[in-house]
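So the structure is just underneath, and the comments pick up after that.
Just so you know, ligand 1 is whichever comes first in the structure, and atom 1 is the first atom listed for that ligand.
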Amino acid sequence: MKNFTSSKMGFFTIAAIFIWIKSYFIYLYEFNLDIQNLMQHFLLLINPISSTLVFLGIALFARGRRVGGYIIIIHTFMSFLLYANVVFYRFNSDFITLPVLTQTSNFGSLGSSIASLVAWSDLFYLLDIIILIVLFRKSRQIWSAERMKMRQPIIIMTAGVLVFTINLALAEADRPQLLKRTFDRNYIVKYLGAYNFTVYDAIQNVKSSTERVLADGNDITEVQNYTDNKYAEPNEELFGIAEGKNIIKIHLESFHSFLIDYELHGEEVTPFINSLVNDEEENYTYFENFFHQTEQGKTADAELIVDTSLYGLPQGAAFVTKGKNTYQALPAVLNQNAGYNSSVFHGDGKSFWNRDEIYKEFGIDYFFDEAYYNMSDEQVIGYGLKDKPFFKESMPILESLEEPFYAHMMTLTHHHPYLIDEEDATIEPSDTNDGSVDRYFQTARYLDESVEQFVDDLKEAGLYEDSVIMLYGDHYGISENHTRALSELFDEEMTPFKYAELQRVPFMIKIPGVEGKGTLSEYAGQVDVMPTLLHLTGIKSQDYIQFGTDMFSDDHDDLVAFRNGDFFTEDYAMVKGLFYDNHTGEEIEPNDEVNELKERVEHELSLSDRVLQGDLLRFYTPFEDWEPVKSSDYFYDSNQIDIDASLMDKWLPKEEQDDDEEIDEDLDTDSEQTENELNDEVNR
Ligand code: GP9
Ligand code: MN
């Protein structure tokens, strides 16, 4: 050791190894990063190297023995950053971001409990710093007083950058578009490490703040003129028909409209949802030409578009990059106009897609994330909680909500790669030999059964008849990479136009006291949902900046814009820049009409982008008494509402839970085996 520390490089190496080991230890024992395969584990192990080399490398530029001092300072700073995240994580299960740091109210709840978050054993995390200080004091006398050759620190920092590039490439191979799509903080830490995450977060924030500072109040005027012009008067018969009614919104994960009435092996795949569409007495209105408009933000984009009538961004998820913007979202609008409370139910971690932050800006009162559910192994698959226990365990919470409420139930099991346990699969897979496509029908069936169970429970709870029930698909489930399997399924060549047609997702709605209109062929998209719901509840949507129009209005705009600039109307379509006659599906030469539609789409998307990028809604007041949403008023902790014990017993009787456990034990070996087989297939 003595020999080693007799040089600055030796001391540097020891400091680097310390920070490396400490980071790795903390990743494993303090954070819950959900490591799923060997590659992810390997990345976890190597990801501290790049930042350690780059940051500690800076110290090597110092003169003489000061190198040691700088190494200790930087090492301590990195340790502090890591430890701050440890403490923050213990309370929030999340990592520190710049907005969190600048928003002191976030620490309000943390401050009081900080004592409970630190432990004596944490002193262990100081040990390496102490050792470094002692080594430095002992060995510096024998260090050369000369400045190191410039070459050395440059080589070390370049090596750091190189390691980072390799790390990123491997990470992107395991999780394509990791940085662009801005998924989840947990993912970035898992793949690139806590330090690189901090740098990434800082860059994101600087970019976002610059766009924001450059905008001013005048920018909203052009947008307002546009949306005013587009506004569609409500259908008189329906305006206010659902005033004060609960709204239950069921998010059908990855659900293409083609599933409706689709038969596989002679069986309906989704018989229950089909019955809502087809049986008159169910009183649903189904829009058969409704499209998703999402991009990289997938579910998060769908949520954003549906709840704000703005488009998502061309890149990344606005939920993450614009998570601190001002919004005038449906939950807040329903609250301020009609006294609704709002909630989201979702059996996944709360930080995914930055939900725990942006929901506050939307004015969502309650967020029931995985912490509210029994996430034991047999109840979880893929991304999180299985849909059946999800809906079941949501019942006592739903019944505890004050009315009127706006509740968003976000399903999860029917998500790529469509894993399903054997005991949950009630239909055979399709036989295209494309694993995820084949299983797609099995998880769709499971989702269908889950929705049926939920509807039955809502009826039992007396929450069904008198509530607005709305079901919608968030985005495609089978991507364009699966055209071979799709061509086989539909027995026709999957051209880009055909694939664009598959971007239809279901939208169906039941309004209390209103006869269902059956299947409507109006062209519409997710952006149209908010104005439609506002008019049904008797709120004039004209007061708000909205790019969609009421789907029940005679003036509804049938131009459906896709985020990449493509579009559909009843008569035309543009797909990958080429125009089509939507009645024949034939490609056509550009004409004035389609050119005008194309320009309108471009203009509309760019205006929406300006709203998000410039955070323009901060300059807009919908009506005189409008209260801007204050995110600091919202807390999504573990006791947001009181749930009556009798409701727990009613929906989750103890005996049934015990029985479940026994059954699960019997099946455990089987299901594990199935899951492994499926995982293998997915990884192949
Ligand atoms: C994650 C879930 C899935 O919580 O909502 O998101 P997706 O991958 O579909 O965007
Ligand atoms: Mn989704």
Side-chain angles (χ1 to χ4, degrees), residues 32-34 36 93-94 174-188 190 249-257 259 291-307 312-313 315-321 323 343-359 362 364 367-373 375 379-387 390-391 394 408-419 436 439-440 443-444 446-447 450-451 471-479 481 502-507 526 529 563 636 682:
N32 179 9
L33 294 174
D34 189 23
Q36 287 164 343
S93 307
D94 202 348
D174 197 66
R175 173 61 65 173
Q177 300 191 308
L178 175 70
L179 292 184
K180 271 206 213 144
R181 284 196 55 197
T182 60
F183 298 99
D184 185 3
R185 289 182 275 282
N186 261 307
Y187 281 29
I188 311 240
K190 168 160 82 173
K249 180 168 79 167
I250 305 175
H251 168 114
L252 301 173
E253 177 61 42
S254 304
F255 202 104
H256 288 269
S257 293
L259 282 169
F291 289 81
H292 82 83
Q293 296 168 300
T294 65
E295 254 304 321
Q296 292 181 325
K298 303 291 285 292
T299 299
D301 279 358
E303 291 181 65
L304 176 99
I305 305 169
V306 167
D307 267 355
L313 289 174
Q315 204 177 66
F319 252 44
V320 179
T321 58
S343 46
V344 177
F345 297 72
H346 190 42
D348 191 7
K350 62 182 175 175
S351 71
F352 201 95
W353 289 133
N354 194 34
R355 289 187 172 106
D356 53 341
E357 293 302 323
I358 196 163
Y359 281 177
F362 281 13
I364 292 172
F367 178 19
F368 305 106
D369 72 317
E370 66 181 12
Y372 274 80
Y373 297 93
M375 300 294 288
Q379 298 226 86
V380 166
I381 196 156
Y383 271 67
L385 186 61
K386 294 182 187 176
D387 295 339
F390 163 70
F391 278 124
S394 300
H408 182 188
M409 317 301 301
M410 301 230 307
T411 62
L412 196 51
T413 310
H414 185 43
H415 188 290
H416 186 267
Y418 310 109
L419 300 177
S436 67
R439 291 188 302 273
Y440 182 78
T443 48
Y446 177 79
L447 173 56
S450 314
V451 173
L471 294 91
Y472 80 105
D474 63 343
H475 50 75
Y476 66 80
I478 303 180
S479 78
N481 299 331
L502 285 186
Q503 302 313 301
R504 287 178 172 87
V505 292
F507 179 85
Q526 289 167 328
V529 173
R563 182 56 258 197
Y636 302 139
V682 172

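- At under 3.5 Å, a nitrogen or oxygen of His475, whether backbone or side chain, sits near a nitrogen or oxygen of ligand 1.
- Side chains of Tyr373 and Ser394: a donor-acceptor N/O pair is present below 3.5 angstrom, by distance only.
- The contact set between ligand 1 and Leu412, taken as ligand atoms under 4.0 Å from a residue heavy atom, comprises 2 (C).
- The distance from ligand 1 to the heavy atoms of Trp353 drops below 4.0 Å at these ligand atoms: 6 (O), 7 (P), 10 (O).
- Here Phe391 and Phe345 keep their ring centres 6.0 angstrom or further from each other.
- A donor-acceptor pair shorter than 3.5 Å can be found between the side chains of Asp387 and Thr413.
- The aromatic rings of Tyr440 and His414 sit tilted relative to each other, their planes meeting at an angle between 30° and 60°.
- As for Glu253, its N/O/S atom nearest the Mn ion (ligand 2) is the one called OE2.
- Geometry about the Mn ion (ligand 2) gives an angle of 110° between OG1 of Thr299 and NE2 of His475, rounded in steps of 10 degrees.
- For ligand 1, one of its N or O atoms has an N or O atom of Asp348 under 3.5 Å away.
- Of the charged side-chain nitrogens involved, at least one lies within less than 4.0 Å of a carboxylate oxygen, so that Lys249 and Asp307 count as a salt-bridged pair.
- By the 30° and 60° cut-offs, the orientation of the rings of Phe367 relative to Tyr359 is perpendicular.
- Atoms of ligand 1 lying under 4.0 Å from at least one heavy atom of Glu253, given by number and element, are 9 (O).
- Side chains of His292 and Gln503: a donor-acceptor N/O pair is present below 3.5 angstrom, by distance only.
- Within the 4.0 Å heavy-atom criterion, the part of His415 lying near ligand 1 is the side chain and not the backbone.
- Looking only at its N/O/S atoms, Asp474 has OD2 as the one nearest to the Mn ion (ligand 2).
- Of all the atoms in ligand 1, the ones that sit under 4.0 Å from a non-hydrogen atom of His346 are 1 (C), 2 (C), 4 (O), 5 (O).
- Looking at every heavy atom in both residues, His346 comes nearest to Thr411 through CE1-O, 4.1 Å.
- At a heavy-atom cutoff of 4.0 Å, ligand 1 is contacted by the side chain of Arg355 but not by its backbone.
- Counting only non-hydrogen atoms, the option in Thr294, Thr411, Thr299 that gets closest to atom 7 (P) of ligand 1 is Thr299.
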